[in-house]
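If you scroll down you'll find the structure; I have some questions about it.
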Amino acid sequence: MPSSRIAGIVDAVSRSVEVERGDGTVALTARLRTTLGGAPSELWPELTEADRLAQWYGPVEIDPAQSDPTESDPTGSDAAAADPTRGAGEAGARTFRTVGGAHGRVLALAPPHQLDLTWEYADNVDRLEIRLDPEEDGTSRLTLQQIARLPEATFDAFGPGAVGIGWDIAILGFVARTGAWRELRLDVPVASPAWLASSEGADMVRAWSIRWAAASVAAGTDEDAARRAENETTRAYGGTVGAALV
């Protein structure tokens with residue numbers, strides 16, 4: 001894949017990071033933003049309906065037999081943001097499970113603009129926030145952020161890319177499925193496991209890792225440490241370490 005094509009696809013998404021260290025852990029916010037063709041009402045079903053999610057993300061089981069999840073936190077208070085486990089076990093909290101992956105609960109739902117979830121895996125309970133905001137030209141601004149708390153050793157080893165690259169892959173699958181970057185005239189590959197294992201996929205992983213390391217440096221991480229973490233994350237995702245990419 002030409003480096004210019006890789007740069008066009010990778011830089012269609014902006015990435016930012018917030019890092020706060022304390023007590024041997026790192027509070028990490030990894031944020032991705034991109035502009036998508038189509039109004040929020042057109043794109044919303046792709047993010048919330050199991051049959052559509054299966055076409056680009058993978059199988060997701062959604063418990064349909066629950067009431068409005070906003071009832072768990074009708075105030076949208078800061079307390080819920082500070083503690084993503086708040087409301088666990090309360091009636092009305094819709095649940096989901098990705099097959100072989102994360103699971104959690106819906107914390108807030110305001111179609112077609114807001115979806116807040118707990119994102120639970122292993123012993124982690126993170127918060128995932130998705131926003132679709134309309135733009136004046138009829139497009140939508142997608143903002144996705146994961147708020148995680150990691151062991152300091154894990155963050156130092158892998159940096160924010162350990163969280164962020166999974167969402168880069170997901171967004172690539174989403175736009176390949178929906179054509180939501182059509183106006184950018186980008187030839188978007190389908191982010192299948194076979195493609196990710198190819199040389200093109202490895203080069204894309206490397207480019208994503210480079211961007212996340214840059215975001216980490218901008219958040220205050222030492223540059224040498226960020227570059228070491230970049231290389232480890234690239235290896236972990238099967239990327240091409242040391243490739244010359246823009």
Side-chain angles (χ1 to χ4, degrees), residues 1 5-17 28-40 42-50 52-60 96 98 101-102 112-117 119 121 126-135 139-148 159-196 198 200-216 233-234 236-239 245:
M1 182 185 294
R5 181 187 171 202
I6 290 174
I9 292 171
V10 171
D11 291 335
V13 177
S14 65
R15 298 162 188 83
S16 61
V17 169
L28 168 67
T29 299
R31 185 179 300 111
L32 304 91
R33 290 192 175 99
T34 188
T35 299
L36 304 172
E42 299 173 55
L43 300 168
W44 182 258
E46 300 288 340
L47 297 172
T48 55
E49 296 182 6
R52 300 202 189 194
L53 282 163
Q55 298 300 312
W56 62 270
Y57 183 82
V60 179
F96 71 93
T98 66
H113 301 296
Q114 176 188 5
L115 177 63
D116 293 349
L117 313 166
W119 192 256
Y121 54 99
D126 298 348
R127 185 179 177 101
L128 182 66
E129 299 177 348
I130 299 171
R131 299 291 184 272
L132 276 175
D133 296 313
E135 302 283 6
T139 62
S140 297
R141 186 71 166 169
L142 171 69
T143 303
L144 182 153
Q145 67 177 20
Q146 184 171 345
I147 303 168
V163 170
I165 288 179
W167 296 117
D168 279 310
I169 294 169
I171 288 175
L172 196 65
F174 179 88
V175 297
R177 152 83 174 163
T178 62
W181 284 346
R182 189 178 298 110
E183 295 179 4
L184 299 179
R185 303 185 185 280
L186 294 174
D187 182 14
V188 179
V190 176
S192 66
W195 177 80
L196 284 168
S198 71
E200 288 187 346
D203 286 348
M204 187 73 76
V205 166
R206 176 62 170 163
W208 284 327
S209 289
I210 290 170
R211 282 9 177 233
W212 282 112
S216 189
T233 297
T234 300
Y237 277 94
L245 298 171

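What you see below is based on every heavy atom in this structure, not just the backbone, and it leaves out hydrogens, waters and symmetry mates.
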Legend entry - Atom CZ of Arg141: over 12 foreign heavy atoms under 6.0 Å: yes
Inset, instruction - Taking all non-hydrogen atoms of both residues into account, name the closest pair between Ala12 and Leu186 and its distance. - result: CB-CD1, 4.1 Å
Inset, instruction - Please report the shortest heavy-atom distance between Ala102 and Trp119, naming the atom on each side. - result: CB-CE2, 3.4 Å
Inset, instruction - For residues Leu47 and Leu132, determine if any side-chain heavy atom of one lies less than 4.5 Å from a side-chain heavy atom of the other. - result: yes
Inset, instruction - Write down the atom of Leu53, the atom of Glu46, and the distance for their closest heavy-atom approach. - result: CD2-O, 3.4 Å
Inset, instruction - For the pair Trp167 and Tyr57, name the ring-plane relationship: parallel under 30°, tilted 30 to 60°, perpendicular over 60°. - result: parallel
Legend entry - Side chain proximity check, Trp195 to Leu172, heavy atoms < 4.5 angstrom: yes
Inset, instruction - Start with the C-alpha distance between Trp212 and Leu32, add both sets of side-chain angles, then the distance that settles side chain to side chain contact (heavy atoms under 4.5 Å, CB included), and finish with yes or no. - result: CA-CA 10 Å; Trp212 282 112; Leu32 304 91; 3.8 Å; yes
Inset, instruction - Looking only at non-hydrogen atoms, find the nearest pair between Ala202 and Gly238 and report the distance. - result: CB-O, 3.5 Å
Legend entry - Donor on one side chain, acceptor on other, Arg31 and Ser16, under 3.5 Å: yes
Inset, instruction - For residues Thr139 and Gly37, report the shortest heavy-atom separation together with the two atoms involved. - result: CG2-CA, 4.3 Å
Inset, instruction - Tell me yes or no: between the side chains of Thr34 and Trp181, is some donor less than 3.5 Å from an acceptor? - result: yes
Inset, instruction - For the pair Asp116 and Arg131, evaluate side chain to side chain contact (heavy atoms under 4.5 Å, CB included) and give the outcome as yes or no after the intermediate values. - result: CA-CA 9 Å; Asp116 293 349; Arg131 299 291 184 272; 2.6 Å; yes
Inset, instruction - Determine, step by step, whether Val13 and Arg211 satisfy the side chain to side chain contact (heavy atoms under 4.5 Å, CB included) criterion, reporting the C-alpha distance in whole Å, the side-chain angles of both residues, the deciding distance to 0.1 Å, and the verdict. - result: CA-CA 10 Å; Val13 177; Arg211 282 9 177 233; over 6 Å; no
Inset, instruction - List the atom of Ala148, the atom of Asp126, and the distance in Å for their closest heavy-atom pair. - result: CB-OD2, 3.3 Å
Inset, instruction - Compare all side-chain heavy atoms of Ile169 with those of Trp208 and state whether any distance is below 4.5 angstrom. - result: yes
Inset, instruction - Decide salt bridge (charged side-chain N to carboxylate O under 4.0 Å, His left out) for Asp168 and Arg15; before the verdict, give the C-alpha distance in whole Å, the side-chain angles of both, and the deciding distance to 0.1 Å. - result: CA-CA 10 Å; Asp168 279 310; Arg15 298 162 188 83; 2.9 Å; yes
Legend entry - Distance, nearest 0.5 Å, that separates CD1 of Ile9 from CG of Asp187: 7.0 Å
Inset, instruction - Would you mind reporting whether Leu36 and Leu43 have side-chain heavy atoms less than 4.5 Å apart? - result: yes
Inset, instruction - May I have the step-by-step check of side chain to side chain contact (heavy atoms under 4.5 Å, CB included) for Thr98 and Tyr121, ending in yes or no? - result: CA-CA 10 Å; Thr98 66; Tyr121 54 99; over 6 Å; no
Legend entry - Close side-chain approach of Pro160 to Leu28, heavy-atom, < 4.5 Å: yes
Inset, instruction - Take atom CD of Glu49 as the centre, draw a 6.0 Å sphere, and report whether it contains more than 12 heavy atoms from other residues, nucleotides or ligands. - result: yes
